[in-house]
Amino acid sequence: MFLPDRYVEGTCPVCSNPEARGDQCEKCGSYLNPTELKNPKSKITGQTPVVRETSHMYFPLGQYQQRLEKYIGERNKRDGWKDNVLNYCRSWFKDGLQDRAVTRDLDWGVKIPLQGYENKVLYVWFDAVLGYISSTKEWSQRVGKPDEWKRFWLDEKTKYVAFIGKDNVVFHCIVFPAMLMAWNETHDEKYILPENVPANEFLNYEGQKFSKSRGIGIDVQDFLARYPVDPLRYYLAVSLPEYRDSDFYWRDFQAKTNNELADILGNFVNRTLAFADRTFDGVVPERGPLGDHDRQVLDILETTPVRSGEYYEHYRFRDGLLEVMNLARAANKYFNDSEPWKTAKSDRTRCATTINVSIQLARALAILMEPVIPFSSERIWKMLNLGGTAHAQSWDEASELLVPDGHRLGKTEILFTKIEDTVIEAELGSAGGGQPATPSAQPKLADVKPTITIDDFKKLDLRIAKIVQCENVPKSEKLLKLQVDVGTEKRQIVAGIAQNYKPEELIGKSVVVVFNLQPAKLMGQESQGMLLAASDNDGKLVFVAPSAEIESGSVVK
RNA sequence: GGCGGGAUAGCUCAGCUGGUUAGAGCGUCGGAAUCAUAAUCCGUAGGUCGGGGGUUCGAGUCCCUCUCCCGCUACCA
């Protein structure tokens, strides 16, 4: 078989690290080809791999370095790229871009659609980015407009922004643009290049990394079956990992939903419409002469779309959203300061003006919040009984007072339901605060291996061994060095169970070992065999032991 | 161990090329108000900007070092 690059191990030509992988040296970070390694060894068998001739297709990435640097420089100047993205790219340019093989000799993956290449597949990141284009083509066929995809990829006026996580910067800033440049050189169809790649950091879950296999995190389907989508969208927008990793905390989710969405935004819309309903029979009252309070809040209304829009244009979503929420806060203050419940009795004109302006504010909020909470925005729009959709309104006209006097309002309803403590506690598990939620999905079992014969099994020589001595392996996090008695002799076994057992608690214990395993060196320590242990999905690990006392060296079969 | 990213108010985070009394949202506490999903509004408190050096007239912001977190990776049960 052809070894995948990463299964070839050898000495790094850059930093002489003896354990560099065929695709990358972990020590110095260099990206390598397997043949660049000195003393290459198969990671599977330990044998020296033989270089077998095969033909691969290469992408001449090196030829594009200058153009890529120019391209990124220009786009940065035009659209302001993020520092972390630029730094990442610079380090690549500094090392010099290398030509990259874009095919692999694997039996899975996207096949090369050419004669003579039946056994080859595309390198995963080469086809993944192309999938962006393929999927729009597929979509346009499905909707019966086979050319519609061209609007996305071939129209110079289209602004292509790649929203990604920090681990994908190189493919979206360097590899994919180079691929598109290469195509554009020789074809009449000219593809557009990313205008910006505002990579985010990572979103974690209750202080831990999201992990599907370990069941850590949220299953969106599952989540949406229990909660409406808008609070999640709001929470994600407000805690987006724009500059550093951030966390999804259930407590925080609850607080943002209750204290911000429901209390500030939802309550303003509600108190305004409820007031209009009761005092003006659900009809927009006439806006009279403006007072100081009116003018103040209208000033804020006027600048909000501009300021917020400015942030959004620069991919600063948290700040953009904060500006809009500040408008909602100002609206509440305005309502308070104007005291319409008093002027309703003392100064009807004044009261009418306050409510009129408040309704204009509600309309503006529906439009300005729409990118983040589209469904709730449409609900506000309906409550205001305005035609069309909030989505279709012009951002810049959000600040105009377009709800006419005498307009009949729709039915008022609660916009956001608060999340009770008990619900959050249930999510966190009865064990209580701060703990990650128990995975709702079934734990994933290890892949089932192919059936073996009894003869295969007989190749294993399993024996009972008693641990007579045990110590930590220096500079290792997982390894313990064991001296075991296997009846006829003593052996040294290195086992990766240091995170689950302390050396002293193992002494005197009987375990099962693989007696005829080829010896290996781990962290410089000779290991003559292998200790059997069981592990679960959370990395918990227990060694296998006989159920009763039995002589060391006994054969397990 | 290697590589990378962090460490700023109780919490979540902003602080650009170093420059006046370090900011926001939420939370705390006190007050006002009562139209509203007990929602709102005002005010208050709270930080040796992880520790220690250094550069500088001046550092959260630059350099060195240490500590601690997190991730990846190597150790493969």
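These numbers come from the heavy atoms of this one structure, side chains and all, not from hydrogens, waters or symmetry mates. Quick note on labels: first sequence line is chain A, next is B, and so on, each numbered from 1.
OP1 and OP2 of B:U12 both lie 4.0 Å or more from every side-chain N or O belonging to A:Arg251. A sub-4.0 Å separation between OP1 or OP2 of B:C11 and a side-chain N or O of A:Lys256 is absent.
Closest approach to the A:Asn259 side chain among B:C13, B:G27, B:U37 is made by B:G27 (side chain taken as heavy atoms from C-beta onward). Closest approach to the A:Glu260 side chain among B:U37, B:C75, B:G25 is made by B:G25 (side chain taken as heavy atoms from C-beta onward). The listed nucleotides are B:U12, B:U37, B:U40; the one nearest the side chain of A:Tyr249 is B:U12. Of all nucleotides listed (B:U37, B:U12, B:A14), B:A14 comes nearest to the side chain of A:Arg318. Each of B:A36, B:C26, B:U12 was ranked by its minimum atom distance to the side chain of A:Ala274; first place goes to B:A36.
Taking the P atom of each, B:C16 and B:C29 are spaced 34 Å apart, rounded to whole Å. Taking atom P on both B:G5 and B:A14, the two are 16 Å apart, rounded to the nearest angstrom. Rounded to a whole angstrom, the distance from the P atom of B:G47 to that of B:C11 is 13 Å. A gap of 26 Å separates the C1' atoms of B:G46 and B:A39, to the nearest Å. As rounded to the nearest Å, B:G27 and B:C13 have C1' atoms that lie 14 Å from one another. Rounded to a whole angstrom, the distance from the P atom of B:C63 to that of B:U48 is 24 Å. Across the P atoms, B:C64 and B:A24 are found 33 Å apart, a figure rounded to whole Å. Across the P atoms, B:U44 and B:C26 are found 15 Å apart, a figure rounded to whole Å.
In this entry the distance linking CG of A:Asp263 with P of B:G25 reads 16 Å, nearest Å.
Note that A:Arg463 lies in the cation-pi zone of A:Phe515, set by a 6.0 Å cut-off to the ring centre and a 45° limit from the axis.
The minimum heavy-atom distance between A:Ser510 and A:Ala545, with the atom names listed, is O-CB, 3.4 Å.
Residues satisfying the salt bridge (charged side-chain N to carboxylate O under 4.0 Å, His left out) criterion with A:Glu286, sequence neighbours excluded, are absent altogether.
For RNA chain B, the stems formed by at least three consecutive Watson-Crick or G-U pairs, with both atom-pair distances below 3.5 Å, span B:1-7 with B:67-73, B:10-13 with B:23-26, B:29-32 with B:40-43, B:50-54 with B:62-66.
RNA chain B lies under 4.0 Å from at least one heavy atom of each of the following residues of residues 320-347 of chain A: A:Leu322, A:Arg329, A:Asn332, A:Lys333, A:Phe335, A:Asn336, A:Trp341, A:Lys342.
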side-chain hydrogen bond (donor to acceptor under 3.5 Å, both in side chains) between A:Arg329 and A:Asn332, intermediate numbers included
CA-CA 5 Å; A:Arg329 293 184 182 99; A:Asn332 272 313; over 6 Å; no
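In this structure, A:Lys418 pairs ionically with A:Asp263, as a charged nitrogen and a carboxylate oxygen lie closer than 4.0 Å. Salt-bridge check for A:Asp79 with A:Arg75: failed, with every basic side-chain N at 4.0 Å or more from each acidic carboxylate O. Taking the charged nitrogens against the carboxylate oxygens, A:Asp230 and A:Arg379 have no contact shorter than 4.0 Å, which rules out a salt bridge.
Projected onto RNA chain B by closest heavy-atom contact, A:Phe416 and A:Asp252 fall at different nucleotides, the more 5' of which corresponds to A:Asp252.
Between A:Trp250 and A:Tyr227, the ring centre distance stays below 6.0 Å. Residues A:Phe253 and A:Tyr249 place their aromatic rings such that the two centres sit no closer than 6.0 Å. Ring to ring, A:Tyr311 and A:Phe317 are not that close: their centroids are 6.0 angstrom or more apart.
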